[in-house]
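One structure is given below, encoded as structure tokens.
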Amino acid sequence: MTFNISEFLRINRVYFIWAAFMGLLYLFRNMFGLVFITFIMCFIVSGITHHLRRKYHLNRRMLVVFLYLLFLMAVSAFLVYIPPRLLSETINFTEQLPQSFESVRNWLNANLGTNELVAPILPQIKEAMLPESMIVSAWNIVRGMLEKGVHYFGWFFLAVLFSFLIMLDLPILSKGMRRLRFTRLAESYRETADSILLFAKVVGENFRAQLMISVINTTLTAICLHFIGIKAIALLCTIVFMCGLIPVLGMWISSVPIVLMAVNTGGIELGLWALAMIIVIHMLEAYVLNPRIVSSVMHINPVMTLIILYIAHSLIGMWGMLLGVPTAVYIYRKISKPYED
């Protein structure tokens, strides 16, 4: 039996199409952040535009221009008022970090030093909380965040520009994409279009739901921090908002600096109040917000979410934390469809 390369390509054309698509994504991996931010902005603006046009019958182009002007005004106000305060609070937090750990160590000695279960591991805990090592670790983290922050800051404004241009001519661009059905790329279009649209929808819906939860968590945290008298609200709320984009796990990551700042401000007692506040907000997220917002969109168990986040972070790092859940949901929806011959 002779090998026929044409027949082989025809039978396995689906795999070759997807291999080419994955290869294209790999080539543009360094621009993935820019593509992701542009897509999210297009997805959110498209949803708002569609809702307002359906309700008020407004001109689409004028509405897009108005939404982006409103967004740029909000960003400009944020850049004028928040960064100076954020920088000041970050410096104060870094300077007060050794004192915070010293307070925690003293409390551990006083309350858990005689505990038979905790005493054997207490020296290791206190050694990990040495001021020198913590300052070095904190500085490395801050420096890494600043370096990435400048990088993503440039990507953010490029994404605003690209998404604005895309949204301005979206109907024309959509019509042009649909014309691929009548070109030599028709086979690739038919094979990948529906899957890409489904994946884009899942990612967009997940991120929009997580963004809503992050905004609510940040607002509640800011109110609670004000009432219990913890300073550095701008810094802590910024951390809460950024970590809030990570499902389930982000809430606990953001709790560490809040508790440390509370300990430094009012001692262990205020730190325990801050911890209680975090637990209440987390319970509100887990039992009220997630079932109504994320679960209604993703239909996924929180324990499974943690497992997915761990695996995704181990494989692709930070992007795995953001895209792990929607990717898993997409794969599940895809394989759970009835088989069509």
Do the side chains of [X] and [Y] join up, straight or via other hydrophobic residues, at under 4.5 Å, putting them in one cluster?
| X | Y | answer |
| --- | --- | --- |
| Phe164 | Val35 | no |
| Leu170 | Ile40 | yes |
| Leu72 | Leu158 | yes |
| Met73 | Met62 | no |
| Val64 | Ile172 | no |

Are [X] and [Y] side-chain neighbours, meaning at least one heavy-atom pair lies under 4.5 Å?
| X | Y | result |
| --- | --- | --- |
| Ser255 | His282 | no |
| Met277 | Leu220 | no |
| Phe156 | Val75 | yes |
| Leu168 | Val65 | yes |
| Asp169 | Arg61 | yes |
| Val203 | Phe36 | yes |
| Pro257 | Leu236 | yes |

Can you see which heavy atom on [X] is nearest to which on [Y], and at what distance?
| X | Y | answer |
| --- | --- | --- |
| Ala274 | Ala262 | CB-CB, 3.6 Å |
| Cys224 | Ile281 | SG-CD1, 4.3 Å |
| Met167 | Cys42 | SD-O, 3.7 Å |

- Message: Please check this pair: side chain of Arg179 against backbone of Gly176, looking for a donor-acceptor N/O pair closer than 3.5 Å.
- Response: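 Checking the backbone N and O of Gly176 against the side chain of Arg179, no donor-acceptor pair under 3.5 Å is found.
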Atom pair [atom1]/[atom2] of [X] and [Y] - distance to nearest 0.5 Å:
| X | Y | atom1 | atom2 | value |
| --- | --- | --- | --- | --- |
| Trp273 | Ile228 | CH2 | CD1 | 9.0 Å |
| Leu272 | Ile279 | CG | CD1 | 9.5 Å |
| Leu284 | Ile213 | CG | CD1 | 10.0 Å |
| Phe71 | Met41 | CZ | CE | 4.0 Å |
| Ile230 | Ile258 | CD1 | CD1 | 7.5 Å |
| Ile44 | Leu67 | CD1 | CG | 11.5 Å |

- Can you list the residues that meet the side chain to side chain donor-acceptor pair (under 3.5 Å) rule with Ser163, with sequence neighbours excluded?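 With sequence neighbours excluded, Ser163 shows a side chain to side chain donor-acceptor pair (under 3.5 Å) to Tyr68, given in chain and number order.
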- Query: Do the two ring centres, one from Phe43 and one from Phe207, sit under 6.0 Å apart?
  - Reply: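 Aromatic pair excluded; centres sit 6.0 Å or further apart.
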- Have a look at Cys237 and tell me which of Thr219, Thr218, Asn217 forms a side-chain contact (heavy atoms from CB on, under 4.5 Å) with it.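 Of the listed residues Thr219, Thr218, Asn217, the side-chain contact (heavy atoms from CB on, under 4.5 Å) partner of Cys237 is Thr218.
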- Might you confirm whether atom CZ of Phe157 has over 12 heavy atoms from other residues, nucleotides or ligands at distances under 6.0 Å?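 Yes, because the 6.0 Å sphere around CZ of Phe157 holds more than 12 heavy atoms from other groups.
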- Task: Using the side-chain contact (heavy atoms from CB on, under 4.5 Å) rule, take Leu211 and Phe241 through it: C-alpha gap first, then chi angles, then the decisive distance, then the call.
- Result: CA-CA 9 Å; Leu211 188 63; Phe241 177 78; 3.8 Å; yes
Which donor-acceptor pairs under 3.5 Å do the side chains of residues 45-58 make with protein atoms, sequence neighbours left out?
from, atom 1, to, atom 2, distance (Å)
Thr49, OG1, Val45, O, 2.7
Arg53, NE, Leu58, O, 3.2

